[in-house]
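Working notes, beginning with the structure itself.
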Amino acid sequence: MVLADDSDAQGMTSLPHRWRSPVRGPWLTSVFGLVLLIGIPIEFITGLLSYAAYDPKLGSNDPNPSHGAFGLYVFNWITEPSWLYRLIEGVHVVLGLVLVPVVLAKLWSVIPQLFAWPPFQSLARLLERISLMMVVGGIVFEMTTGILYIDYYQKYGFSFYTGHFYGAWIFMSGFTVHVILKFPKMVRSLKSRRLRTELRTGLAGTLPEPADDVLVASHPDPPTISRRGVLAMVAGSSLSVFLLTAGDTIGGAMRRLDLLGTRVGAPGVGPNHFPVNHTAAAQGVGPLQTGAAWRLELVGSERISLSRDELLVMSQLTEVLPIACTEGWSTVQRWTGVPLADLARLAGAANATSALLETLDASPTYISGSQVHARQSLLALRVNGADLSLDHGYPARVMIPNAPGTHNKKWMQRITFFEVD
Ligand SMILES: Nc1nc2c(c(=O)[nH]1)N[C@H]1C(S)=C(S)[C@@H](COP(=O)(O)O)O[C@H]1N2
Ligand SMILES: [Mo]
């Protein structure tokens, strides 16, 4: 058998006998490309905002010391509306998961391109190949680290925060070059066929796209799936991922569908029946430290300590606030306790510019002055009308509006207020 000349318009050869799917082609690739062109910038922006929400300028909150040239955060993270971080992180994690089938389909659709030979013939092609490596390596890295993170597997030899952050910048550099280089072809390809016609074409009518492109098989096999079948499979996979994970953050009845979600269980009962990430037992916190001898220490220009009963007779504030974990799950509850600003004033630090929260399980964090003074910030003693359960932070837990869940510290021990500029 004589193989036809497999050169494409760009003068490249792919391995002609290997890639035989008759549905692979620039139109199909461009459909996936368009979805990613919309989805990936949303991932990047929500991701950066999520890092900004840690207020990297504060103490040890930022695991990427000063972010180098990427420390672009010029604003203090805002405290209103209280639901914004929950939305940002929910979108980031759920959309990221929903895009996984699309990314896999896109990678499948361009396999001939990835193995094209010779790898480059000009400077422009070399640039394209390098950007392609950054895009493919970057997306696989971002997806893998993200999924491992929300599933608590962190046994790789680097910090998730550092890796996912710089990985995103490398990926986005390649992505930008890739989009600039491929955008005209994407538009041309999308115009070459009509989506509506494709959705009406079954297996029998499925013919390859014109053979003048490296993605199109030069020796196609007969079709075993139509283009609409491929699109339905990918869309169906994404929809399934959405349905099986989004309940983690949307809550309500959807939480029951949340089979792939990570926070299915809610160990508490009654008013304390909502998800627990780190249980008291897991964190080594027990009645010994949280019993009658417990006191909250406040440090400012003065140093005072308060029992839970003393906190309970102070003026109380009730706010409906979410816990929104970086891992994407969230839960909204009604919290009652003492405004943080009142505690700052009590400690002689009415103009606190930041505060250090220290806990019984030694997981300190810094919060900003605006978070100390925010209208809804409180040291919660009760939730939904009942005392906090031990798992939810008894005797006292800090709740801060619009902050990553990790800042809502449980089992509080000490708050140190700083008054420096
Ligand atoms: N003291 C203390 N507070 C904590 C944590 C913790 O491990 N210790 N976990 C944090 C994290 S990561 C989140 S998302 C929220 C909600 O977690 P929870 O469900 O364990 O309360 O609490 C935060 N507060
Ligand atoms: Mo978290």
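Just so we're clear, the structure is a prediction, and the values are computed from it rather than from any experiment.
Within the 3.5 Å criterion, the main-chain N or O of G33 finds no donor-acceptor partner in the side chain of S30. With hydrogens and angles disregarded, no donor-acceptor distance shorter than 3.5 Å links the side chain of W335 to the backbone of P322. N272 contributes a side-chain N or O that, together with a main-chain N or O of D387, makes up a donor-acceptor pair within less than 3.5 Å. Judged purely by atom type and a 3.5 angstrom limit, S377 has no side-chain atom pairing as donor or acceptor with the backbone of H373. Side chain of T249 to backbone of A246: no donor-acceptor contact under 3.5 angstrom is found. Proximity of a side-chain donor or acceptor of Y149 to a complementary backbone N or O of Y161 within less than 3.5 Å is not detected. Side-chain atoms of H392 come within 3.5 Å of backbone atoms of F274 as a donor-acceptor pair (strictly under, hydrogens ignored). Counting only distance, with no hydrogens or angles, the side chain of T79 and the backbone of N402 share no donor-acceptor pair below 3.5 Å. Remark: side-chain polar atoms of R227 are paired, donor with acceptor, to backbone N or O of L207 under 3.5 angstrom. Using a distance-only test at 3.5 Å, with no hydrogens or angles considered, a donor-acceptor pair links the side chain of R24 to the main chain of W108.
Looking at heavy atoms from C-beta onward, L381 lies out of side-chain contact with L388 at the 4.5 angstrom threshold. Residues T145 and F158 meet the side-chain proximity criterion, which asks for heavy atoms closer than 4.5 Å. Within the 4.5 Å cutoff, side-chain heavy atoms of I323 are placed close to those of M399. Contact annotation: the side chain of V383 never approaches that of R397 to less than 4.5 Å [non-hydrogen atoms, C-beta and beyond]. A 4.5 Å side-chain heavy-atom check between I400 and N408 finds at least one atom pair inside the cut-off. Inter-residue side-chain proximity for S109 and L215 is flagged as unmet; no heavy-atom pair is nearer than 4.5 Å. No side-chain heavy atom of L49 sits under 4.5 Å from any side-chain heavy atom of Y85. Using a 4.5 Å cut-off on side-chain heavy atoms (C-beta onward), W329 and N277 make contact.
Every residue was checked against the salt bridge (Lys or Arg N to Asp or Glu O under 4.0 Å) condition with R188, not counting sequence neighbours, and none meets it. Partners of K409 under the side chain to side chain donor-acceptor pair (under 3.5 Å) rule, at least two apart in sequence or in another chain, are S363. Remark: N384 pairs with Q333 by the side chain to side chain donor-acceptor pair (under 3.5 Å) rule, at least two apart or across chains. For R414, the salt bridge (Lys or Arg N to Asp or Glu O under 4.0 Å) partners two or more places apart in sequence, or in a different chain, are E297, E358. Considering only residues two or more places apart in sequence or on other chains, D342 meets the salt bridge (Lys or Arg N to Asp or Glu O under 4.0 Å) condition with R345. Applying the ring pair (Phe, Tyr, Trp, His ring centres under 6.0 Å) criterion to F242, with sequence neighbours excluded, gives no partner residue. In this structure H92 satisfies the ring pair (Phe, Tyr, Trp, His ring centres under 6.0 Å) test with no other residue, sequence neighbours excluded. Scanning for side chain to side chain donor-acceptor pair (under 3.5 Å) contacts around S82 gives an empty result, with sequence neighbours left out. Annotation: ring pair (Phe, Tyr, Trp, His ring centres under 6.0 Å) contacts of F171 (sequence neighbours excluded): F175. Partners of R375 by salt bridge (Lys or Arg N to Asp or Glu O under 4.0 Å), not counting sequence neighbours, listed by chain and number: E80.
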Residues 232-241, side-chain donor-acceptor partners within the protein, below 3.5 Å, at least two apart:
| from | atom 1 | to | atom 2 | distance (Å) |
| --- | --- | --- | --- | --- |
| S237 | OG | M233 | O | 2.7 |
| S238 | OG | V98 | O | 2.7 |
| S238 | OG | V234 | O | 3.4 |
| S240 | OG | G236 | O | 2.7 |

With a cut-off of 3.5 Å and sequence neighbours excluded, list every side-chain donor-acceptor pair involving residues 194-205.
| from | atom 1 | to | atom 2 | distance (Å) |
| --- | --- | --- | --- | --- |
| E198 | OE2 | R193 | NE | 2.6 |
| E198 | OE2 | R193 | NH2 | 3.3 |
| T201 | OG1 | T197 | O | 2.7 |

Criterion side chain to side chain contact (heavy atoms under 4.5 Å, CB included) on D213 and K185, from CA distance to verdict | CA-CA 11 Å; D213 190 281; K185 183 178 176 186; 2.8 Å; yes
Is there a side chain to side chain contact (heavy atoms under 4.5 Å, CB included) between K410 and V276 once you walk through the steps?
-> CA-CA 11 Å; K410 306 193 280 193; V276 173; 4.2 Å; yes
Begin with the C-alpha distance, continue with both residues' side-chain angles, and end with the deciding distance and a verdict on side chain to side chain contact (heavy atoms under 4.5 Å, CB included) for I150 and L97.
-> CA-CA 11 Å; I150 60 178; L97 292 170; 4.0 Å; yes
Side chain to side chain contact (heavy atoms under 4.5 Å, CB included) between I139 and M143: does it pass, once the steps are laid out?
-> CA-CA 6 Å; I139 197 72; M143 285 186 340; 4.3 Å; yes
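Atom NZ of K106 sits about 13.0 Å away from atom CG of L99, to the nearest 0.5 Å. Between the CD1 atom in I40 and the CD1 atom in I38 there is a gap of 11.0 Å [rounded to 0.5 Å]. Taking OG1 from T176 and CG from L181, the interatomic distance works out to 10.5 Å, rounded to the nearest 0.5 Å. To the nearest 0.5 Å, the span separating CG on L343 from CZ on F417 amounts to 5.5 Å. To the nearest 0.5 Å, the span separating OG on S368 from CD on Q371 amounts to 3.5 Å. Here the straight-line distance linking atom OH of Y366 with atom CZ of F418 works out to 5.0 Å at 0.5 Å rounding.
Of all the heavy atoms in S189 and W27, the pair that sits closest is O-CD1, 3.1 Å. The two residues P222 and P22 make their nearest non-hydrogen contact at C-CG, 4.0 Å. Pairing each heavy atom of P41 with each of L37, the nearest pair is CD-O, 3.0 Å. Here the shortest heavy-atom pairing between G328 and V93 reads CA-CG2, 3.6 Å. When every heavy atom of V23 is checked against every heavy atom of I225, the shortest pair comes out as CG1-O, 3.3 Å. The nearest pair of heavy atoms linking L340 to L379 is CD2-N, 4.1 Å.
Taking the six-membered ring for Trp, Y51 and W77 have ring centres at least 6.0 Å apart.
Ring-plane geometry between Y54 and H407 is classed as perpendicular, the angle between the planes exceeding 60 degrees on a 0 to 90 degree scale with a lower cut at 30.
Residues T359 and D361 have side chains that bring a donor and an acceptor to within less than 3.5 angstrom of each other.
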